Amino acid sequence: CGMAVPAFAQPPPFSPELATIMNDVRINDWSDAGRLAAQQPDRLVGKLVRYFRLLDPGAASAGEIAAFIAANRDWPEQPALIRAANAAIVAETDDGAARADCRSAAIVTAAADARCAQALAGVNPKLAGDFARRAWISGFDDPSEAASFQARWQPQLTPDADWRRFGRLALAGKAAP
């Protein structure tokens, strides 16, 4: 009686089109990569190109990244997508667009919290204060940046926020003696 040999899937044959798409991804040529991916029978190719573009700083808005996350909850590397969305919020120069992004994305960085506070300051001071407190607690380790942020947001920075910030800095060994 012979033992059965397990069957392994064979890799797909070399495809010059797929190689071109991956080269376009490597050089951030999203237009060409997207055009070629749309011609592929496997829709995953296009989704992968979109995923890589979403991770490229400046290539996508936070809203676009948040929409991809919402539509693809089981997609790998969700934290990388969330960080990319936060970086896009920080880079957004239009306060109206930043406000929309702050509502649609998970905010996980102090810089994004600070940008949301700035964008909301004139239209929703209470919510701006919430974002400012979160930014204060979780970021601004550099003393000069901390002083500048504190000067701008002092009325919204509560004793509880100061205490929580101190706790974080102390645990990280960054509290001043």
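Note that the numbering runs from 1 along the sequence shown for the chain. Only a predicted model underlies this, so the values are computations on that prediction, with no experimental measurement involved.
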Do the ring planes of Phe149 and Trp136 sit parallel (below 30°), tilted (30 to 60°) or perpendicular (above 60°)?
parallel
Under a 4.5 Å cut-off applied to non-hydrogen side-chain atoms, are Ile137 and Arg134 in contact?
no
Measure from the side-chain N and O atoms of Ser148 to the backbone N and O of Ser144, and report whether any donor-acceptor pair falls under 3.5 Å.
no
Do you know which two heavy atoms are closest between Ser104 and Ala66, and how far apart they sit?
O-CB, 3.3 Å
Just so I know, are the side chains of Gln150 and Arg165 near enough to count as touching, which here means a heavy-atom distance under 4.5 Å?
no
State, to 0.1 Å, how close Ala110 and Ala135 come at their nearest heavy-atom pair, and which atoms those are.
O-CB, 3.5 Å
Could you tell me whether the side chain of Leu48 reaches within less than 4.5 Å of the side chain of Arg43, counting heavy atoms only?
no
List the steps, then state whether side-chain contact (heavy atoms from CB on, under 4.5 Å) holds for Phe131 with Leu127.
CA-CA 6 Å; Phe131 278 108; Leu127 188 55; 3.8 Å; yes
Nearest-0.5 Å distance, OG1 of residue Thr158 to CZ of residue Arg164:
8.0 Å
If we ignore hydrogens and angles and just use 3.5 Å, is the side chain of Asp56 paired with the main-chain N or O of Ala59 as donor and acceptor?
no
Could you tell me whether Asp32 and Arg35 have a side-chain N and a carboxylate O separated by less than 4.0 Å?
yes
Taking all non-hydrogen atoms of both residues, which atom of Ile107 and which atom of Ala112 are closest, and how far apart?
CG2-CB, 3.7 Å
Could you give me the CA-CA distance, side-chain angles and deciding distance for Arg83 and Asn86, then say whether side chain to side chain donor-acceptor pair (under 3.5 Å) is met?
CA-CA 5 Å; Arg83 284 189 306 274; Asn86 279 233; over 6 Å; no
Nearest 0.5 Å, please: how far is CG in Asp130 from CG in Asp113?
10.0 Å
Provide the closest heavy-atom pair for Ala85 versus Ala62 in the form atom of the first, atom of the second, distance.
O-CB, 3.4 Å
Taking the basic N atoms (NZ, or NE/NH1/NH2) and the acidic carboxylate oxygens, is any pair closer than 4.0 Å for Arg115 and Asp95?
yes
What about Phe52 and Ile65, same hydrophobic cluster or not, with Ile/Leu/Val/Met/Phe/Trp/Tyr joined at side-chain heavy-atom distances under 4.5 Å?
yes
How many angstroms lie between CG in Asp101 and SG in Cys116, if you round to the nearest 0.5 Å?
8.0 Å
Answer yes if Leu171 and Phe166 sit in the same cluster of Ile, Leu, Val, Met, Phe, Trp and Tyr residues linked by side chain heavy atoms under 4.5 Å apart, and no otherwise.
no
Measuring from Glu77:CD to Leu55:CG, what's the distance to the nearest 0.5 Å?
8.5 Å
May I ask you to check whether over 12 heavy atoms, not counting those of Trp75, lie within 6.0 Å of atom CH2?
yes
If you look at every heavy atom in Arg73 and Gln78, which pair is closest and at what distance?
O-NE2, 3.8 Å
Sidechain-backbone polar pair: Arg53 side chain, Ser31 backbone, donor-acceptor under 3.5 Å:
no
Would you give the length of the straight line joining atom CG of Leu54 to atom CD1 of Ile69, rounded to the nearest 0.5 angstrom?
8.5 Å
Does a side-chain heavy-atom distance below 4.5 Å link Val25 with Trp30?
yes
Assess the residue pair Ile89 and Glu92 against the criterion (side-chain contact (heavy atoms from CB on, under 4.5 Å)); give the C-alpha distance rounded to whole Å, side-chain angles, the decisive distance to 0.1 Å, and a yes or no.
CA-CA 5 Å; Ile89 289 171; Glu92 179 57 64; 5.6 Å; no
Return the CZ to CD distance between Arg99 and Gln118, rounded to the nearest 0.5 Å.
10.5 Å
Using modelled atom types only, decide if a donor and an acceptor are shared between the side chain of Asn124 and the backbone of Leu120 within a distance under 3.5 Å.
no
Close side-chain approach of Asn23 to Ile27, heavy-atom, < 4.5 Å:
no
Of the non-hydrogen atoms in Lys174 and Asp141, which two are nearest, and what is the gap between them?
NZ-OD2, 2.7 Å
